[in-house]
Amino acid sequence: MLKVVKGDVFEFGLSFENVATELIEKVVFACKELGIEEEADREEDEFRIRIPGEVTKDFKTGFLKYDIIATLIDEQEVTLVHRQKIEVLERVENGG
């Protein structure tokens, strides 16, 4: 399960064993409940999703579902991760 604190940078890497990376054109993190589709950056055989704190500060808290969708070089789409959980946590400010 992925977790993010509202206002923090949300970043994680992805690698896939069941799809040859040379066949992947792009990878997208999608969460309908957050209204977000973020394309991953490619770093050799890994893909990195990075969502800045300016965006995560507006996320609604709680448990949500996300998908990871790959577009292949032949323009076909493959859902590699389907309806997995992400937990969005409220930022706790330090008093004092």
Side-chain angles (χ1 to χ4, degrees):
M1 177 173 56
L2 297 175
K3 292 185 180 187
V4 61
V5 175
K6 290 174 67 163
D8 284 0
V9 172
F10 180 45
E11 184 170 2
F12 61 96
L14 299 161
S15 58
F16 308 108
E17 296 175 9
N18 55 344
V19 177
T21 55
E22 63 271 11
L23 299 178
I24 298 175
E25 182 71 30
K26 72 176 182 177
V27 172
V28 173
F29 168 86
C31 180
K32 288 182 182 179
E33 295 155 308
L34 295 174
I36 191 166
E37 284 192 9
E38 187 68 31
E39 187 172 338
D41 292 323
R42 180 181 228 135
E43 296 176 0
E44 295 182 23
D45 286 345
E46 185 176 82
F47 295 85
R48 295 207 66 73
I49 300 290
R50 187 174 201 282
I51 302 172
E54 301 83 56
V55 175
T56 68
K57 71 179 176 59
D58 295 327
F59 283 6
K60 69 178 187 176
T61 56
F63 292 97
L64 310 169
K65 301 283 186 179
Y66 71 92
D67 294 333
I68 302 292
I69 302 154
T71 302
L72 305 178
I73 57 174
D74 65 359
E75 299 182 8
Q76 296 292 314
E77 287 190 346
V78 178
T79 302
L80 301 172
V81 175
H82 182 65
R83 309 245 338 124
Q84 292 297 304
K85 280 187 187 175
I86 177 174
E87 183 178 12
V88 180
L89 304 166
E90 193 66 55
R91 175 175 294 284
V92 177
E93 299 297 330
N94 292 333

Treat each ILVMFWY residue as a node, draw an edge where side-chain heavy atoms are under 4.5 Å apart, and state whether [X] and [Y] are in one component.
X     : Y     : value
Tyr66 : Leu80 : yes
Phe59 : Val5  : no
Leu64 : Phe12 : yes
Val81 : Ile36 : yes

Side chains of [X] and [Y] in contact at under 4.5 Å (non-hydrogen atoms):
X     : Y     : value
Ile51 : Phe29 : yes
Gln84 : Ile68 : no
Val78 : Ile24 : no
Val27 : Glu39 : no
Val55 : Glu38 : no
Val88 : Lys6  : yes

Expected output: side-chain Thr79 to main-chain Ile69 donor-acceptor under 3.5 Å: no
Ignoring hydrogens, what is the shortest heavy-atom contact between [X] and [Y]? Give both atom names and the distance.
X     : Y     : result
Ala40 : Ile49 : CB-CD1, 3.5 Å
Val28 : Glu37 : CG1-CB, 4.0 Å
Leu14 : Glu46 : O-CG, 3.1 Å
Thr61 : Leu89 : CG2-C, 4.1 Å
Lys60 : Leu34 : N-CD2, 3.8 Å
Lys3  : Phe10 : O-CE1, 3.8 Å

Neighbour count above 12 (heavy atom, 6.0 Å) for Glu75 CD: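 No, CD of Glu75 has 12 or fewer neighbouring heavy atoms, counting only those of other groups under 6.0 Å.
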Greater than 12 external heavy atoms within 6.0 Å of Glu22's CD: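 More than 12 heavy atoms, drawn from other residues, nucleotides or ligands, come within 6.0 Å of this atom.
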Aromatic ring pairing Phe16/Phe47, orientation class (parallel under 30°, perpendicular over 60°, tilted between):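 Answer is tilted, since the angle falls between 30° and 60°.
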Which value, rounded to the nearest 0.5 Å, describes the distance between [X] atom [atom1] and [Y] atom [atom2]?
X     : Y     : atom1 : atom2 : answer
Asp8  : Arg91 : CG    : CZ    : 4.0 Å
Glu25 : Thr71 : CD    : OG1   : 8.0 Å
Arg83 : Asp67 : CZ    : CG    : 7.0 Å

Electrostatic pair Arg48-Glu11, nearest N-O below 4.0 angstrom: yes
